[in-house]
Amino acid sequence: MRKIAVVNQKGGVGKTTLTGNLAYALAKQGKRVLLIDMDPQSHLAASLGVVDRGLSGIDRVLINQEPMEKHAVLVRDNLNLIPAGKELGMLEKRCDQKGVDGWSGTLLKEALERSQIQSDFLIIDSPPSSGVLVVNILYAVEEVLIPVTGDYLGLQGLSYLIGTLRNFEQSLGHKLRRNLVMSRFQKRRRLAREVRDKVQSYFPGELLKTPIRECDALAEAPGFGKSVIEYRWHAPSSRDFKSLAKDLLQERTYS
Ligand SMILES: Nc1ncnc2c1ncn2[C@@H]1O[C@H](COP(=O)(O)OP(=O)(O)O)[C@@H](O)[C@H]1O
Ligand SMILES: [Mg+2]
């Protein structure tokens, strides 16, 4: 199983959009995918049409060591989702106020080791922060996938994130495999192309080939509880995600 976390401490860069749509594209190509929503805002579940607010999920797995199987929802063929659950936010606050508060950064990793769920990909959506939830995410995965927007602040945020990841890797004792994706990409913008070229030159062989373009259908689809491929098969971003899934499978990078 490839275990991937979609991370970026900056909000609004397209993490949740990337997580849900890439997972759908992979599932559609026959891969079994397990999604975990580690963002207390629960947008991933909503964007795939799971709107039950009373639903518990990964919060129970982390707090009460309940089995993951109990909370996995089959949202599409080949696609299982473990929702965030309403106590996930509390957990993060409690830990930030009182230090680790009796629970460690490896709870998610341990829960995955106990899990019987069979899949080819694990993809985790993360919150826009770098607190205890993100530490749990990073311990649980082997790869990070970083969406980068084509603007100056996107590039600044990226250099901050890379620093945080380096520190984490030092305490982990090994490196995480890393891929980047251009997100909300506007090809006509010179700045966006410049940022892409900078990312490519700073991280050779790590930027996936397909940029995810800025596209109205992609912003509209979550309102219908659908991936963009289900919502508008012919939209540019549907093509982008089908292609990005192949990039990930075939390790195609931008050059
Ligand atoms: N490529 C894109 N084209 C158009 N809208 C996008 C695109 N990527 C993300 N969005 C929209 O931008 C907002 C933030 O995206 P989101 O995936 O929630 O970011 P994050 O999870 O990093 O906070 C959402 O309303 C989403 O629909
Ligand atoms: Mg999000």
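Counting starts at 1 for both ligands and their atoms, in listed order.
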Of the options Arg2, Lys209, Arg177, which is the one that meets Glu251 in a salt bridge (charged side-chain N to carboxylate O under 4.0 Å, His left out)? Arg177
Would you tell me whether Asp125 and Thr16 have side-chain atoms, one donor and one acceptor, within less than 3.5 Å of each other? yes
May I ask you to decide if Leu208's main-chain N or O and Asn179's side chain share a donor-acceptor pair within less than 3.5 Å? no
Protein contact of atom 27 (O) of ligand 1 - nearest heavy atom, named by residue and atom, plus distance: Ala219 CA, 3.5 Å
Return yes or no for this condition: an N or O of His43 is under 3.5 Å from an N or O of ligand 1. no
If we number the atoms of ligand 1 from 1 as shown, the ones under 4.0 Å from a heavy atom of Arg213 are 1 (N), 2 (C), 3 (N)
Could you check whether atom 5 (N) of ligand 1 has a protein contact, counting only heavy atoms that fall below 4.0 angstrom? yes
Could you tell me the residue and atom name of the protein heavy atom closest to atom 2 (C) of ligand 1, and the distance to it rounded to 0.1 Å? Leu218 CD2, 3.5 Å
Winner among Arg184, Gln41, Lys10, Met182 once heavy atoms are compared against atom 7 (C) of ligand 1: Arg184
Shortest non-hydrogen contact from Val228 to Ser237? CG2-OG, 3.7 Å
Give yes or no for whether the N/O distance cutoff of 3.5 Å, strictly under, is met between Val13 and ligand 1. yes
Closest to atom 9 (C) of ligand 1 among protein heavy atoms sits Thr17 OG1, 3.4 Å
Could you go through Arg196 and Tyr254, starting from their C-alpha distance and side-chain angles, then the distance that decides it, and tell me whether this counts as side-chain hydrogen bond (donor to acceptor under 3.5 Å, both in side chains)? CA-CA 9 Å; Arg196 176 185 58 188; Tyr254 179 75; 3.2 Å; yes
Does atom 24 (C) of ligand 1 have a protein non-hydrogen atom under 4.0 Å from it? no
Pair Leu133, Ser126 - check side-chain contact (heavy atoms from CB on, under 4.5 Å), show working. CA-CA 8 Å; Leu133 294 178; Ser126 54; over 6 Å; no
Give the atoms of ligand 1, by number and element, whose distance to some non-hydrogen atom of Gly11 is under 4.0 Å. 23 (O)
May I have the step-by-step check of side-chain contact (heavy atoms from CB on, under 4.5 Å) for Leu165 and Ile146, ending in yes or no? CA-CA 11 Å; Leu165 287 171; Ile146 304 172; 4.0 Å; yes
Got the closest protein heavy atom to atom 18 (O) of ligand 1, with its distance? Thr16 CB, 4.0 Å
Are any of the N/O atoms on Asp125, whether in the backbone or the side chain, positioned under 3.5 angstrom from an N/O atom of ligand 1? no
If I compare all heavy atoms of Ala245 with all of Leu26, which pair ends up nearest, and what's the gap? CB-CD2, 3.9 Å
What about Gly12: any of its N or O atoms under 3.5 Å from an N or O on ligand 1? yes
Can you check whether Ser183 has an N/O within less than 3.5 Å of an N/O in ligand 1? no
Any N/O/S atom from Gln41 (main chain or side chain) under 2.8 Å of the Mg ion (ligand 2)? no
Correct closest heavy-atom pair for Ala111 and Met68 would be CB-CE, 3.8 Å
Under a 3.5 Å distance rule, please check whether Thr149 uses its side chain to pair with a backbone N or O of Arg184 as donor and acceptor. no
Report yes if Cys215 has an N/O atom closer than 3.5 Å to an N/O atom of ligand 1; otherwise report no. yes
Around atom 19 (O) of ligand 1, find the nearest protein heavy atom and jot down its residue, atom name and distance. Gly14 N, 3.0 Å
Run the side-chain hydrogen bond (donor to acceptor under 3.5 Å, both in side chains) test on Gln41 and Asp39 for me, step by step, so that the C-alpha distance in whole Å, both residues' side-chain angles and the decisive distance to 0.1 Å come before the verdict. CA-CA 5 Å; Gln41 295 178 89; Asp39 185 350; 3.2 Å; yes
